[in-house]
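Reviewing the structure listed below.
Model, not experiment: these values are computed from the prediction. The chains referred to below are lettered A, B, ... by the order of the sequence lines, with proteins before strands, and numbering in each begins at 1.
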There are 2 protein chains.
Amino acid sequence: MAKMGLDRQTLLVSAAELADESGLDSLTLAALAQKLNVRSPSLYNHVNGLPDLRAALTVYCLHLLVDTTRDAVIGKSGDEAILSLCEAYLRFAESRPGLYEAFYKVNMQQHEDLDTAKQELLNLFLRIMEPYRLGEKETLHAIRGLRSLLHGFATLEQHGGFQMDLHLDESVQYVLRTFLKGMHLNKSGA
Amino acid sequence: MAKMGLDRQTLLVSAAELADESGLDSLTLAALAQKLNVRSPSLYNHVNGLPDLRAALTVYCLHLLVDTTRDAVIGKSGDEAILSLCEAYLRFAESRPGLYEAFYKVNMQQHEDLDTAKQELLNLFLRIMEPYRLGEKETLHAIRGLRSLLHGFATLEQHGGFQMDLHLDESVQYVLRTFLKGMHLNKSGA
DNA sequence: GTTATAATACTAATATGATTAGTTTAATCG
DNA sequence: CGATTAAACTAATCATATTAGTATTATAAC
């Protein structure tokens, strides 16, 4: 057989597409091999089995997410930056549902690349929170809150957790603005 | 072979235990059968395959969650009730990690029991929000926010999303109180 | 250019798990 | 007691992951 010129990155991209199309659970090495016109054992030249592939997808997802959100806050600051980041985050989760699954459905041990990517995401949030001049602890609390909100919205939406015919964007806007109002209050020491 | 006296409920309870012990992914029919001293095909007398078992776990989880949180708000109202409910929710997710996974990791089609259970959870939130006298839409927005926060906190915690050595409870308290402050502001029309 | 090396894809084989079909046995009901 | 039903079983099939070992292609050394 001719060499197909596969590499790890190609595998990742294709795997993410498969996941987006039919869910992360449907991402099997068999399916991926078929998509790439290769026999499944060949994939082991580039990936250390299915667990490794899924772990790599998690890292890949995080990188894309950081890129997307970082891009969304360029030239913005304060509430505007936060709202823009949140919007970008949720749009990303919507547009890459299968990949986003890898963000939270994969059980990973420690993984250097993952820690790095996580740190980058945290740094982005830290910078966005700077203008608020909360203390260090309070800043971290607020970031946790924002991240939880975003992740919660993203996953509950994907799983049909929100039944009512109430527009999701409205909910996000309402919740974020409410939280920000509270945060401003904290700042002035109410 | 003697009849083992298995029934669907026994399967569910054991399956949830298995999931809590080693993660929802490790819940296989083979493992469950072994735990129950039965051959795996026997399980099909009570459950319609692995997807059905997982779906049933989702419903089971939701029921337990509703019971737990409902219990937590008895005799309380206003912010106190909300804080108590949230605390109970997060404690539940922590104490039943595998079962809680079924809450969000299972892709279900429509399922009557599930819709009922979801409605019960929503009703609980609706009643807890009554004293705030927000409008109907705003109430629903706020509930979505609370649910997202809780789910986000629960899952990010389980996946090691929070690295910093900052106590989680503090973050939850901070975020909830901040959100509630903002909500009170909304009420008075700021 | 030719040869050595390493990487990549292959086939073959094994193991685990889900699932189905068909059988046996124990409990229940008349 | 006999008939029926439910629940367990064994045997078999299928899909997938994974490993071992082989062949072939590209790359690098000379």
For Leu43(B) and dA8(D), give me the distance from atom CG to atom P, rounded to whole Å. 9 Å

Write down the distance between CG (Leu6(A)) and C1' (dT25(D)), rounded to a whole number of angstrom. 14 Å

Rounded to whole angstrom units, what separation is found between the CZ atom of Arg54(A) and the C1' atom of dT18(D)? 16 Å

With salt bridge (charged side-chain N to carboxylate O under 4.0 Å, His left out) as the criterion, how do Arg91(A) and Asp169(A) come out once you've worked through the C-alpha distance, each side chain's angles and the decisive distance to 0.1 Å? CA-CA 10 Å; Arg91(A) 253 206 318 260; Asp169(A) 291 342; over 6 Å; no

Whole angstrom value for the distance that separates P of dG21(D) from CZ of Arg39(A): 21 Å

Is the distance from OP1 or OP2 of dT19(D) to the nearest side-chain N or O of Tyr44(A) less than 4.0 Å? no

Side chain of Val38(A) - closest among dC10(C), dC9(D), dA9(C): dC10(C)

For salt bridge (charged side-chain N to carboxylate O under 4.0 Å, His left out), just list the numbers for Lys35(A) and Glu21(A), CA-CA rounded to whole Å, side-chain angles, deciding distance to a tenth of an Å, and then say yes or no. CA-CA 12 Å; Lys35(A) 181 179 172 114; Glu21(A) 286 162 18; 3.7 Å; yes

Between the side chains of Asp79(B) and His184(B), is a donor N or O closer than 3.5 angstrom to an acceptor N or O? yes

Does a side-chain N or O of Ser42(A) approach OP1 or OP2 of dT8(C) to a distance below 4.0 Å, or not? no

From the candidates dT11(C), dT19(D), dA9(C), the one with an atom nearest any side-chain atom of His46(A) is dA9(C)

Before giving the answer on ring pair (Phe, Tyr, Trp, His ring centres under 6.0 Å), spell out for Phe92(B) and Tyr89(B) the whole-Å C-alpha distance, their side-chain angles and the decisive distance to 0.1 Å. CA-CA 5 Å; Phe92(B) 175 81; Tyr89(B) 185 111; 7.7 Å; no

Consider the side chain of Pro41(B), meaning its heavy atoms from C-beta on, and name the nucleotide among dC9(D), dA8(D), dT19(D) that approaches it most closely. dC9(D)

Glu101(A) bridged to Lys105(B) by N-O distance under 4.0 Å: no

Name every residue in residues 13-36 of chain A that has at least one heavy atom under 4.0 Å from any atom of DNA chain C, in order of residue number, or write none if there are no such residues. none

Nearest-nucleotide pick for Ser40(B), side chain only, options being dA17(D), dA7(D), dT19(C): dT19(C)

Is a donor-acceptor contact shorter than 3.5 angstrom present between the side chain of Asn45(A) and the base of dA7(C)? no

Are there over 12 heavy-atom neighbours, none belonging to Arg127(B), within less than 6.0 Å of that residue's CZ? no

Please say whether the positively charged group of Arg144(A), taken as NZ for Lys or CZ for Arg, lies over the ring of Phe162(B), i.e. under 6.0 angstrom from the six-membered ring centre and within 45 degrees of the axis. yes

